[in-house]
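Step one of this worksheet: look at the structure below.
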Amino acid sequence: MVAGTTKRVRKILVIDDSEVMLGRIRLALVEAGYDVIATSQMVGNARHLPTCDLVILDYHMPGLDGSSVVSSLRAVAGATKKVCPIFLYTSYENIARDYARLGFDGVLTSKGDEHALVRQVAAVFRIAEMREEKELRAEKKDPPAGG
C-alpha cells in the first residue's frame, strides 16, 4: 500500500470439500487478519469473485476436480471486470507442478500446515502490493498527454 494509507483487509474465498480442513484454514487465516468465506459447496461461488482478493481451491473433491471448478468459476465470472487470482491448494507435488496447465493462477503447497499457508498467502499479497505500487509509480512518472 502507499505510505500514509490504511492497509485494507484482504478477502479470501476458500473452497474445500472437507469441513474439518475448512475450519482449520478459516481459523488460521482469520487469526492472520484476513476476511474469509469458507465453503464446501463447489458450485455457486462465482458471486463472491468480484469482492474477493484471492480464491484458495482444493484439487481433489467428490465428483469434480479443482480444474473443473476453476473453469466453471472463470466461465461464470467472465462477464465481470474483476476476477481475482485462483490458487490451487495441495500437498501433492505432481499436481502442484501442473497448476498453470490445470487453469490456476498459482499454487499454495504443504496442505494441512496452516502456518505455511498463512506465510504463503502473505507472500501472494506482498507481491500483489508491490505490483500495485510499481504501477502507481509508473503512472506518476508518465507526463500527462499534451503537456
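These numbers come from a predicted model, not from an experiment.
- With hydrogens and angles disregarded, no donor-acceptor distance shorter than 3.5 Å links the side chain of Ser72 to the backbone of Ser68.
- In this structure, the side-chain contact (heavy atoms from CB on, under 4.5 Å) partners of Val20, at least two apart in sequence or on a different chain, are Ser18, Arg24.
- Using a cutoff of 4.0 Å between basic side-chain nitrogens and carboxylate oxygens, Lys134 and Glu139 are not scored as salt-bridged.
- The line from CG of Leu136 to NZ of Lys140 is 6.5 Å long, rounded to the nearest 0.5 Å.
- To the nearest 0.5 Å, the span separating NZ on Lys11 from SG on Cys84 amounts to 10.5 Å.
- Remark: Arg101 pairs with Asp98 by the salt bridge (charged side-chain N to carboxylate O under 4.0 Å, His left out) rule, at least two apart or across chains.
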Determine, step by step, whether Thr90 and Asp58 satisfy the side-chain contact (heavy atoms from CB on, under 4.5 Å) criterion, reporting the C-alpha distance in whole Å, the side-chain angles of both residues, the deciding distance to 0.1 Å, and the verdict. CA-CA 6 Å; Thr90 187; Asp58 182 25; 5.8 Å; no
Assess whether side-chain contact (heavy atoms from CB on, under 4.5 Å) is satisfied between Leu22 and Val14, documenting all intermediate values. CA-CA 7 Å; Leu22 277 175; Val14 182; 3.7 Å; yes
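- For the atom pair Arg74 CZ and Ile86 CD1, the distance stands at 4.0 Å (nearest 0.5 Å).
- Rounding to the nearest 0.5 angstrom, the gap separating the CZ atom in Arg8 from the CZ atom in Arg10 is 4.0 Å.
- Residues Gln120 and Val107 fail the side-chain proximity criterion, which asks for heavy atoms closer than 4.5 Å.
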Go through the steps to decide whether Phe87 and Val55 satisfy the test side-chain contact (heavy atoms from CB on, under 4.5 Å), and finish with yes or no. CA-CA 6 Å; Phe87 274 55; Val55 175; over 6 Å; no
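- Not counting sequence neighbours, the partners of Ser91 by the side-chain contact (heavy atoms from CB on, under 4.5 Å) test are Lys111.
- Contact check for Leu57 versus Val70: side-chain heavy atoms found under the 4.5 Å cut-off.
- In this structure, the ring of Tyr34 has its center less than 6.0 angstrom from the ring center of Phe125.
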Given side-chain contact (heavy atoms from CB on, under 4.5 Å), test Ile15 with Ile56 step by step and report yes or no. CA-CA 6 Å; Ile15 306 170; Ile56 298 174; over 6 Å; no
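- Side-chain contact between Ile12 and Ile37 is absent, with no heavy-atom pair separated by less than 4.5 Å.
- Here OG1 of Thr39 is found 11.0 Å from CG of Asp17. Values are rounded to the nearest 0.5 Å.
- For the pair Tyr89 and Ile25, the minimum side-chain heavy-atom distance is below 4.5 Å.
- The shortest distance between side-chain heavy atoms of Ile95 and Leu88 falls below 4.5 Å.
- Cluster annotation: Ile127 is not connected to Leu54 through the hydrophobic network of ILVMFWY side chains, with a link wherever side-chain heavy atoms come within less than 4.5 Å.
- Cluster membership check: Leu117 does not share its hydrophobic cluster with Leu13, using side-chain heavy-atom separations under 4.5 Å among Ile, Leu, Val, Met, Phe, Trp and Tyr.
- When each of Met21, Arg119, Glu31 is paired with Glu114, the side chain to side chain contact (heavy atoms under 4.5 Å, CB included) condition holds for Met21 and for no other.
- In this structure, Asp35 and Asp53 have side chains that are not in contact, with every pair of non-hydrogen atoms separated by 4.5 Å or more.
- The two atoms that bring Asn94 and Arg97 nearest to each other are CA-NH2, 3.3 Å, heavy atoms only.
- The aromatic rings of Tyr59 and Phe104 sit tilted relative to each other, their planes meeting at an angle between 30° and 60°.
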